[in-house]
Amino acid sequence: MLVDGVPYRTIWPIEDGRAVRIIEQRRLPHEFVAVDLGSLEDAAAAIRDMAVRGAPLIGATAAWGVALAMAADPSDAGLGAARATLAATRPTAVNLRWALDAMQAALAPLPPDRRAAAARARAAAIADEDVAINRGIGDAGLPILAEISRRKGGAPVNVLTHCNAGWLATVDWGTATAPIYRAVEEGVAVHVWVDETRPRNQGAALTAWEMASHGVPHRLIVDNAGGHLMQRGEVDVVIVGTDRTTARGDVANKIGTYLKALAAHDNGVPFYVALPSPTIDWTLGDGMAIPIEERGGDEVTQVWGRASGGGLDRVRIAPEQTQAANPAFDVTPARLVTGLITERGVCAASAEGLAGLFPERAVA
Ligand code: MRU
């Protein structure tokens, strides 16, 4: 997407793929900074410490991490160590495992002296595939927004989204935002309610920045405002992303998504989840089996932002002696999901729905 008129992806190779450059997301929205990753350790730290985040981008960064590792040590032991290091970075987004499996399948059959070049090519292909997939999600989701717009006589479609499932969470386009960006391209009026998404505020920092950068009308709301707005008819549709969707359509996404789904259900507001197929965990049926990341309590007891003096700083908001719990994701059961928006079209959040779109993956 464009940043000050310049097209960007969130990750791209430099030096013929001997390093990669990422947008340092911890500096946004205050500073737009790109940093270079030159080693497996750099890539693992970027995922673990959330310089990059969002399920598809975690997968793409992991793929590049393997490529960087293969430049240093293309042996079987090197490949195994790279997989283990990257797999341990974040537990919930299944795109990480998907990307590591894809890299393993491409590299393991090759002699070590051919692995570095093959790894660069496969990582680049995974990134390109992500862009195409997300564009497909946009095309699949556009009719949902266009139909609501038609019913409203062209008045803006009020979309509520949670966390950042925008282009910053992917290589480009985003998942939940792809239909929004396509709607804007097609002249469908939209207005986006952006949940701030405590504790890390990916909505306030990243989604709001994306919407502002692309001139998409939006307003930032506190996480607890969604139910109130739905009761008053001010939300036409909810679209969120997901870090892992089970084969039966249960969905893990940023903490607080479940409460939005409950409120949407109670108010008859359609609740869609946008996802690329690498986010489907075909090995799991029950969403309660999805591993949920527990993050440090400091994210809850402190907030980060630009201080009145101009510098970026952390501020403590809880008593010094107060401990915090910080589950980073929750699971929305399939029964609360109106539909899954994938690159192959929209389906019911059910085993049958997913099997209909992905017959080659469905288990009997
Ligand atoms: O902790 P994060 O910022 O990695 O969480 C991101 C989300 O929850 C997104 O909604 C999800 O990864 C889908 S991204 C297209």
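Start at 1 and go down the list; that is how both ligands and their atoms are numbered. This chain uses plain numbering: 1 for the first residue, then up along the sequence. Every heavy atom of this structure was used, including side-chain atoms; hydrogens, water molecules and symmetry mates were not.
Between Arg248 and Asp286, none of the side-chain N atoms (NZ, or NE/NH1/NH2) sits under 4.0 Å from a carboxylate O, so this pair counts as no salt bridge. Looking at Arg198 and Glu196, no side-chain N of the basic residue comes within less than 4.0 Å of a carboxylate O on the acidic one, giving no salt bridge. Salt bridge annotation for Glu24-Arg27: absent, with no cationic side-chain nitrogen under 4.0 angstrom from a carboxylate oxygen. Using a cut-off of 4.0 Å between Lys/Arg side-chain N and Asp/Glu carboxylate O, Arg135 and Asp130 are scored as not salt-bridged.
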Check each N or O atom of ligand 1 against all protein N or O atoms and list the pairs under 3.5 Å, with atom names and distances to 0.1 Å, one per line.
from: ligand 1; atom 1: 1 (O); to: Arg90; atom 2: NH2; distance (Å): 2.8
from: ligand 1; atom 1: 1 (O); to: Lys254; atom 2: NZ; distance (Å): 2.7
from: ligand 1; atom 1: 3 (O); to: Arg53; atom 2: NE; distance (Å): 2.9
from: ligand 1; atom 1: 3 (O); to: Arg53; atom 2: NH2; distance (Å): 3.2
from: ligand 1; atom 1: 3 (O); to: Gln202; atom 2: NE2; distance (Å): 2.9
from: ligand 1; atom 1: 4 (O); to: Gly54; atom 2: N; distance (Å): 2.9
from: ligand 1; atom 1: 4 (O); to: Arg90; atom 2: NH1; distance (Å): 2.9
from: ligand 1; atom 1: 8 (O); to: Asp243; atom 2: OD1; distance (Å): 3.0
from: ligand 1; atom 1: 8 (O); to: Asn253; atom 2: OD1; distance (Å): 3.2
from: ligand 1; atom 1: 8 (O); to: Lys254; atom 2: N; distance (Å): 3.4
from: ligand 1; atom 1: 10 (O); to: Asn253; atom 2: OD1; distance (Å): 2.7
from: ligand 1; atom 1: 12 (O); to: Ala55; atom 2: N; distance (Å): 2.9
from: ligand 1; atom 1: 12 (O); to: Asp243; atom 2: OD1; distance (Å): 3.0
from: ligand 1; atom 1: 12 (O); to: Asp243; atom 2: OD2; distance (Å): 3.1

Identify every side-chain donor-acceptor pair in residues 250-265 under 3.5 Å, counting partners at least two apart or on other chains, and give the distances.
from: Asp250; atom 1: OD1; to: Ala334; atom 2: N; distance (Å): 2.8
from: Asp250; atom 1: OD2; to: Gly287; atom 2: N; distance (Å): 2.8
from: Asn253; atom 1: ND2; to: Gly241; atom 2: O; distance (Å): 3.3
from: Asn253; atom 1: ND2; to: Thr257; atom 2: OG1; distance (Å): 3.0
from: Lys254; atom 1: NZ; to: Ala328; atom 2: O; distance (Å): 3.2
from: Thr257; atom 1: OG1; to: Lys254; atom 2: O; distance (Å): 2.6
from: Lys260; atom 1: NZ; to: Asp195; atom 2: OD2; distance (Å): 3.2
from: Lys260; atom 1: NZ; to: Asp223; atom 2: O; distance (Å): 2.7

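In summary, the aromatic rings of Trp304 and His30 are positioned with their centroids under 6.0 Å apart.
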